[in-house]
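Below is one structure, written out as structure tokens; comments come after it.
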2 protein chains.
Amino acid sequence: MADDPLKLDTFICFALYSANHAMNRLYKPMLDALNLTYPQYLVMVTLWEEDGQTVGGIGEKLFLESSTLTPLLKRLEAAGFIQRIRSKEDERQVLIHLTSEGVALKKKAASIPACILDASDHTVEELTRLKAEITTLRAALSKNAA
Amino acid sequence: MADDPLKLDTFICFALYSANHAMNRLYKPMLDALNLTYPQYLVMVTLWEEDGQTVGGIGEKLFLESSTLTPLLKRLEAAGFIQRIRSKEDERQVLIHLTSEGVALKKKAASIPACILDASDHTVEELTRLKAEITTLRAALSKNAA
DNA sequence: TACAATTATTTATCGCACGATTTAGGCAAT
DNA sequence: ATTGCCTAAATCGTGCGATAAATAATTGTA
């Protein structure tokens, strides 16, 4: 039982799966108030950091395909948070711009981080280190995926 | 920019989100070969560890609701891996039993852990420790969710 | 000009997840 | 025995995310 190879494997993947799940549940009520889903929130965060990115650029940062992003972005556009504008320089590209409502949303989201930190029972330093380790793992997994 | 509160928050949640995502992608081809999805795989693992669990019991271990599990279990039953049998002792409960095919599937899944470990570029010890830390974080998040 | 590469969209399909409700069975008290 | 409460699972409705594969439009190049 202890040396069952299906054990460790399960738990490292399961740890990620369930922690992500728990994070989702924690965010849910706060994001509901903003009319955002979790992946949509991630997109908004990248836009708050840098407006006017292309679909592909956002996808590169979030590791999402355009076939996932396009409908998601349309929902954000329908909600009034962004505008999808085809680039003049390269008409293959679509630039994503925040609307004034999209910009305003950042203020409402500003209180979220403190809530997460608080619920984590961790210090900022601990979370930062853990974040880095998880990111390192992700990078390895991605690299060796193909 | 550096003290933007939306930064840290994003990244601890995003680290989990994207690492889970990467893990999913790594599993996908292997699980496709077994005719399983990721959550279905998790259910199978819990059954390989202990057969004959109730729906609620499985949900408790995986943090899933019956409204999520019931259809998932029906798909596993349709695939021939499990059987759903109402308990004689308490007819409110449904016991999930592996079929012979479900048991046999464990052998085919046995090679997965090594692949994951290999792709992680980590030692078993490192993964074990990281797993523990992530699990601790999950516990805190769950506890403070309500 | 023809061909290749890039960018995003579309189409089709599927499963997960949640909330709210419902059904059925168990359990306890009066 | 009936009432009422609790629990377990299923159901219903809804929506999003994700992937794969094909398509379209534009750009760049041989």
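Per chain, numbering begins at 1; letters A, B, ... match sequence-line order. When reading the values below, keep in mind they use all heavy atoms of this one structure, side chains included, and skip hydrogens, waters and symmetry mates.
Look at NE2 on A/His21: it is 8 Å from C1' on C/dC16, rounded to the nearest Å. The CG-P distance, from A/Asn20 to D/dA18, rounds to 10 Å in whole Å. A/Ile96 has its CD1 atom 7 Å from the P atom of C/dT9, to the nearest Å. Here the P atom of nucleotide C/dG25 and the CG atom of B/Leu95 are 15 Å apart, to the nearest Å. Computed from coordinates, the B/Leu69 CG to C/dC18 C1' distance equals 13 Å when rounded to whole Å. Atoms CD (A/Glu89) and P (D/dA25) sit 21 Å apart, rounded to a whole Å. Between A/Glu65 atom CD and C/dA8 atom P the separation is 12 Å, expressed in whole Å. With rounding to whole Å, B/Asp32 atom CG is found 16 Å from D/dA18 atom P.
Between D/dA18 and B/Arg25, no contact under 4.0 Å exists linking OP1 or OP2 to a side-chain N or O. An OP1 or OP2 oxygen of C/dC16 is reached within less than 4.0 angstrom by a side-chain nitrogen or oxygen of B/Arg75. For the OP1/OP2 pair of D/dT26 and a distance below 4.0 Å, the side-chain nitrogens and oxygens of A/Arg86 include no atom meeting the criterion. For D/dT11, the OP1/OP2 oxygens have a side-chain nitrogen or oxygen of B/Lys74 closer than 4.0 Å. For C/dA17, the OP1/OP2 oxygens have no side-chain nitrogen or oxygen of B/Thr68 closer than 4.0 Å. For C/dT10, the OP1/OP2 oxygens have no side-chain nitrogen or oxygen of A/Thr70 closer than 4.0 Å. Side-chain nitrogen and oxygen atoms of A/Gln93 include none within less than 4.0 Å of the OP1 or OP2 phosphate oxygen of D/dA25. The side chain of A/Thr37 places an N or O atom within less than 4.0 Å of a non-bridging phosphate oxygen (OP1 or OP2) of D/dG17. When the side-chain nitrogen and oxygen atoms of B/Arg92 are compared with OP1 and OP2 of C/dT23, none of them lie within a distance under 4.0 Å.
Side-chain proximity of A/Asp90 to D/dT27, C/dG15, C/dG25: nearest is D/dT27. Taking the side chain of A/Lys28 as heavy atoms from C-beta on, and the options D/dT19, C/dA8, C/dC18, the nearest nucleotide is C/dC18. Looking at the side chain of B/Val55, the nearest of the listed nucleotides D/dA10, C/dA17, D/dT7 is D/dA10.
A 4.5 Å side-chain heavy-atom check between B/Val94 and B/Ile85 finds every atom pair outside the cut-off. Side-chain contact between A/Asp121 and B/Lys143 is present, with at least one heavy-atom pair separated by less than 4.5 Å.
Under the 30°/60° scheme for interplanar angles, the aromatic rings of A/Tyr27 and A/Tyr38 are found to stand perpendicular.
With a 6.0 Å radius and a threshold of 12 heavy atoms from other residues, nucleotides or ligands, B/Glu60 has its CD atom at or below the threshold.
Looking at heavy-atom distances under 4.0 Å, A/Leu64 makes contact with sugar-phosphate atoms alone, never a base.
With hydrogens and angles ignored, a donor-acceptor pair closer than 3.5 Å exists between the side chain of B/Ser66 and the base of D/dA10.
A salt bridge between A/Arg129 and B/Glu133 is present, with a side-chain N of the basic residue lying under 4.0 Å from a carboxylate O of the acidic one. A salt bridge between A/Arg86 and A/Glu91 is absent, with no side-chain N of the basic residue lying under 4.0 Å from a carboxylate O of the acidic one.
Mapping A/Tyr17 and A/Gly57 onto DNA chain C via the closest heavy atom, the residue that lands nearer the 5' end is A/Gly57. Residues B/Arg84 and A/Leu72 both approach DNA chain D. Their nearest nucleotides, taken by heavy-atom distance, put B/Arg84 toward the 5′ side.
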